[in-house]
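The next block holds one structure in the form of structure tokens; read it before the comments.
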Amino acid sequence: MNRLSLFVLACLCLASPGAAAVRRQGPPSPLRFGRSGEFKILQVADMHYANGESTPCENVLPDQFRGCSDLNTSAFIRRMIRAERPDLVVFTGDNIFGSDSANSTWSLDSAFAPVMEAGLPWAAVLGNHDQEGTLSREGVMRHVVGMRGTLSRVNPEGLEIDGYGNYHVEVHGAVGSVVSNKSVVNLYFLDSGDYSTVAGVGGYGWIKASQQVWFKQTSDRLQREYMREPEPQKGPAPGLVYFHIPLPEFASFDSSNYTGVGMDGGVGSASVNSGFFTTMLEAGDVKGAFVGHDHINDYCGELTGIHLCYAGGFGYHAYGKAGWSRRARVVSASLEKAVDGGWGGVESIKTWKRLDDEELSTIDVQVVWTKGQ
């Protein structure tokens, strides 16, 4: 039996999620480092979920095509959760493929079902295909924020801002540590849009000025809180940013200065540069930005101290490359040991990818940031 047959068998236990299974049950608990001193994030990019078992796979080998469907995507998520045991799962857009979906609500519930079944906290942003079905872009995000276990938000309260799905999540220090009441890793989520809405400008969307103002103000506030009493820290806590469409700066690399591969024939960024990379650089806390969109780019390179990283295509209904395994990116932050033997702030952040092969192979381990770097 080939590996795809095994995956299909693993999928047969899937059931359609009912409303009771997916709606949020009370406010989520704050995220926090545990006793191990490690916090792990699983990034899932471009699921392109549609109608479940009836949705065929794209770009797989001929002997893998029969029986391959959205259920293979769900099986991959379950395998990754079991293998990595992440503390948070982040979905970076094109979670569903709206134009192929008969019912966007059903597709969203089914796409996110594995992480809800696992009882893990999760967060999501939108891509350029999520809103192409029976829900508007705002409707998709409002449905997502009502689902069980999600930390997603439509937008900051009381603020006029472009897009849907601009919010941040704090990860607090270990219980009993001097930074237990401080956020030691800050996660920023932004809506990079779908397509240009400016007359005479074609191509994909971008992160707008209003979003950048919110991001910079939020970063400034979190840095002040981290470095003020009680237990003031000497520098800002590291920040990680998640969105869907890559910035033009992702084209700054080639095989000589990135880890991974770039097989998409370029970078599918907006045709204009809105300056968000410069905004991240000026903020001073961002160590990595993580995107999807270009499914057969999975590289990660460093530009002036910020790692720009693709996750690589995850979903089986998304375009890929036959024989090139679907994949996911993992980011792991580790705490430093304090003088008293307990845990302090973050000492290092590293990343790697996992492949949907028989061994769930780990590849391309690299360091994103170390304290004092």
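All values below come from the heavy atoms of this structure, side chains included, with hydrogens, waters and symmetry mates left out.
- Judged purely by distance below 3.5 Å, without hydrogens or angles, the side chains of Asn166 and Asn155 pair a donor atom with an acceptor atom.
- By the 4.0 Å N-to-carboxylate-O rule, Lys208 lies too far from Asp191 to be salt-bridged with it.
- Taking a cutoff of 4.0 Å between a charged side-chain nitrogen and a carboxylate oxygen, Asp298 and Arg327 qualify as a salt bridge.
- Atom CZ of residue Phe91 and atom CG of residue Asp130 lie 11.5 Å apart, to the nearest 0.5 angstrom.
- By the 4.0 Å N-to-carboxylate-O rule, Lys40 lies close enough to Glu84 to be salt-bridged with it.
- The ring-ring contact (aromatic ring centres under 6.0 Å, His included) with Tyr319 is formed by just one residue from the set His295, His293, His48, His129; it is His295.
- A 6.0 Å sphere centred on CD of Glu157 holds no more than 12 heavy atoms belonging to other residues, nucleotides or ligands.
- A salt bridge links Lys371 to Glu336: at least one charged side-chain nitrogen sits closer than 4.0 Å to a carboxylate oxygen.
- Between the side chains of Asn186 and Ser183, at least one donor N or O lies within less than 3.5 Å of an accepting N or O.
- For Glu170 and Lys182, the salt-bridge test fails: no basic side-chain N is under 4.0 Å from an acidic carboxylate O.
- Taking CZ of Arg326 as the start and CG of Asn59 as the end, the distance is 6.5 Å to the nearest 0.5 Å.
- The existence of a salt bridge linking Arg224 and Asp220 is excluded, since no basic side-chain nitrogen approaches an acidic carboxylate oxygen closer than 4.0 Å.
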